[in-house]
Amino acid sequence: MTKQSFVDFVKVSTEKINFDSNNRCMVKEVIRQAIDYYDLKSTEKEGENEVLFLESAIEENILKKIAQIAMEDEEEGIIDLIYDGYVVRKH
C-alpha cells in the first residue's frame with residue numbers, strides 16, 4: 001500500500017481536528033499520527049515533560065518535514081522548539 005505524501009498526510013490530519021498551527025499540542029498530535037502512519041520507530045514518552053525519542057536521522061528528517069508543513073515554518077530546529085528541547089537522538 002502506497003503511503004500519502006507528507007503534504008497530503010498533514011492536510012488530512014489537520015482537517016480531522018480544529019488545527020491551529022501555533023498550538024504546539026496540536027502539532028505534537030500530528031507528529032504522533034505521523035509516527036503511527038509511517039510506521040516509524042521513534043517514540044514519544046509522556047511524563048512531567050513530553051520527550052521525543054528519535055530513532056534515526058532519517059526519522060528525524062521525516063518528522064521535521066511533517067512539523068514544518070503543519071506549522072508552515074521552515075525553521076531548522078523546529079522539533080526542538082515543539083518539544084522545548086526534550087528530544088533524545090538515538091543516532
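Just so it is clear, the model here is predicted, and its values are computed rather than measured. By convention here, the first residue in the shown sequence is residue 1. When reading the values below, keep in mind they use all heavy atoms of this one structure, side chains included, and skip hydrogens, waters and symmetry mates.
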Would you please test Gln33 and Ser13 for side chain to side chain donor-acceptor pair (under 3.5 Å) and show each step?
CA-CA 8 Å; Gln33 290 177 17; Ser13 295; 3.1 Å; yes
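- Judged by distance alone, with hydrogens and angles left aside, the side-chain atoms of Asp20 form a donor-acceptor pair with the main-chain N or O of Asn22 at under 3.5 Å.
- Rounded to the nearest 0.5 angstrom, Ile79 CD1 and Leu54 CG are separated by 6.5 Å.
- For Tyr38, the OH atom sits in a packed shell: over 12 heavy atoms of surrounding residues, nucleotides or ligands are nearer than 6.0 Å.
- Side-chain contact check for Glu44 and Tyr83: at least one donor-acceptor pair (N or O, by modelled atom type) lies under 3.5 Å.
- With hydrogens and angles ignored, the 3.5 Å screen pairs no side-chain donor or acceptor of Gln68 with any backbone N or O of Ile78.
- Remark: Lys28 engages Glu50 in a salt bridge, criterion side-chain N to carboxylate O under 4.0 Å.
- Summarising the geometry, atom CG belonging to Leu52 is positioned 6.5 Å from atom CG belonging to Leu63; distances are rounded to the nearest 0.5 Å.
- Side chains of Ser42 and Glu55: a donor-acceptor N/O pair is absent below 3.5 angstrom, by distance only.
- Checked for salt-bridge contact, Asp80 and Lys64 miss the test: no charged N lies under 4.0 Å from a carboxylate O.
- Separation of atoms CD1 (Ile66) and CG (Asn61) is listed at 11.5 Å; rounding is to 0.5 Å.
- Remark: aromatic rings of Tyr37 and Phe6 are distant, center separation not under 6.0 Å.
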